[in-house]
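For ligands, and for the atoms within them, numbers begin at 1 and follow the listed sequence. Along the sequence shown, residues carry numbers from 1. Heavy-atom basis, side chains included; hydrogens, waters and symmetry copies ignored.
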Amino acid sequence: MRSHTNIVVAFVLLMATLGLAAKSAGCGKTPTIKSQQYSISVNGKSRQYYMKLPNNYNKDRAYRLVFTWHQLGGSAQKIVNGENINQGGALPYYGLNAIANDSAIFVVPQGLNNGWGNSGGEDVTFFDNLVKTVEADLCVETTLRFSTGFSYGGAMSFALACARPKEIRAIAVLSGSQLSGCSGGNDPIAYYGQHGTKDSVLNVSGGRAIRDRFVKNNGCTAVSEPQPNGGNSVKTVYKNCKPDYPVTWVIHGGDHNPSQVNSGSSTPFAPQNTWEFFTQFEAK
Ligand SMILES: *[C@@H]1O[C@H](CO)[C@@H](O)[C@H](O)[C@H]1NC(C)=O
Ligand SMILES: *[C@@H]1O[C@H](CO)[C@@H](O)[C@H](O)[C@H]1NC(C)=O
């Protein structure tokens, strides 16, 4: 344990001394990646994904990298285009690109059979390959990688939180459950979750269970289960979490829906909540 800590400390000091921060290899390079669809081979399978670069991409600016995973039966294209929010759909890029002020690069992977079964960890490997491919070409702040998704896409973000807690700064799980596995799962990671008490697809107990793994890992103090306030969601920021490892939980009274609104509002609260959660972090 001690020698591990020493190595980490030495590495951090080295980085600080050299002023390397944590910019990806793609920084300073003229990019070849554009905002379009790509394919990559992962374990011998052809996998598809879309990229979305900020307007006026600057090759010397280290951007946030945000992974957005679709729901079961959804698709990467539906994340790119968005779907009718009054019929259970989500806004483009889960509403994040519209409020990111060109500070983020989005990666939109396509699931095999439109889901994230993550058989033998193949979808985590897909993530690993995407990080490598994207960061070799584009300028990313490697301490500011994020992951979000609704339903199966939330389950995939949870699987990454378990398996890649050091590669990702924070995740946001919208109406998720444990469906894509949890390899590892013993390290802390900043965690945002939201769920509806009337969820008829993935019940709220499953959402609470995956949250509680990180309430524990992050060292936060458990609270008695928050309830929605009529037509309004209730946000709980857990206390006493380890520094850099907050947990925020939003409970609402709705069904399985990435675009739940509060009473009297027509704006889904997930995008703003997620973006506030992600942007509390700065480059390390
Ligand atoms: C958007 O980003 C630009 C460039 O980083 C910054 O100058 C501007 O203040 C930002 N605008 C808002 C509304 O945050
Ligand atoms: C929630 O769903 C899980 C998985 O389908 C099931 O095992 C569990 O019994 C459900 N819990 C409640 C309280 O409905």
Side-chain angles (χ1 to χ4, degrees), residues 21-24 26-28 31 35 52-66 71-73 88 91-106 115-118 138-146 149-159 162 169-170 173-182 185 193-215 222-228 234 249-258 260 267 269 271-284:
K23 289 184 159 195
S24 67
C27 293
S35 297
K52 170 72 177 156
L53 273 63
N55 294 312
N56 304 315
Y57 173 81
N58 173 350
K59 65 181 171 50
D60 298 312
R61 174 178 175 185
Y63 291 93
R64 298 182 178 92
L65 186 66
V66 181
Q71 66 186 95
L72 180 63
L91 294 164
Y93 307 95
Y94 287 113
L96 301 181
N97 185 48
I99 54 178
N101 187 23
D102 291 322
S103 68
I105 295 165
F106 290 87
W116 305 107
N118 191 28
L138 298 177
C139 191
V140 171
E141 172 48 57
T142 64
T143 63
L144 294 178
R145 300 187 192 114
F146 303 96
F150 166 63
S151 196
Y152 222 154
M156 186 58 206
S157 292
F158 171 75
C162 292
R169 193 68 175 273
V173 174
L174 315 181
S175 313
S177 201
Q178 184 165 331
L179 305 169
S180 306
C182 176
Q194 68 171 59
H195 216 112
T197 52
K198 296 195 184 67
D199 197 315
S200 57
V201 178
L202 298 176
N203 67 39
V204 68
S205 311
R208 288 170 176 151
I210 59 173
R211 171 205 67 194
D212 283 344
R213 177 177 281 273
F214 292 101
V215 168
V223 298
S224 59
E225 202 57 73
Q227 298 300 325
V234 169
W249 173 252
V250 171
I251 190 74
H252 62 79
D255 200 341
H256 198 57
N257 179 11
Q260 187 72 24
T267 306
F269 49 72
Q272 195 63 40
N273 281 346
T274 301
W275 199 243
E276 272 175 22
F277 192 76
F278 286 176
T279 55
Q280 72 185 293
F281 302 103
E282 293 179 2
K284 281 192 194 171

Polar side-chain atom of Asn101 near backbone of Ser103 as donor-acceptor pair, under 3.5 Å: no
N/O contact list for ligand 1, threshold under 3.5 Å:
{"residue": "ligand 1", "atom": "2 (O)", "partner": "Asn101", "partner atom": "ND2", "Å": "2.4"}
{"residue": "ligand 1", "atom": "11 (N)", "partner": "Asn101", "partner atom": "ND2", "Å": "2.8"}
{"residue": "ligand 1", "atom": "14 (O)", "partner": "Asn101", "partner atom": "ND2", "Å": "3.3"}

Side-chain touch Ile251/Val204, heavy atoms, less than 4.5 angstrom: yes
Whether Tyr93 and Phe106 hold their rings parallel, tilted or perpendicular, with breakpoints at 30° and 60°: tilted
By side chain to side chain contact (heavy atoms under 4.5 Å, CB included) - contacts of Pro92 (at least two apart): none
CG (Asn56) with more than 12 external heavy atoms under 6.0 Å: no
Whether Gly206 lies under 4.0 Å from ligand 2, heavy atom: no
Verdict with reasoning, Tyr63 to Tyr57, per ring-ring contact (aromatic ring centres under 6.0 Å, His included): CA-CA 9 Å; Tyr63 291 93; Tyr57 173 81; 5.4 Å; yes
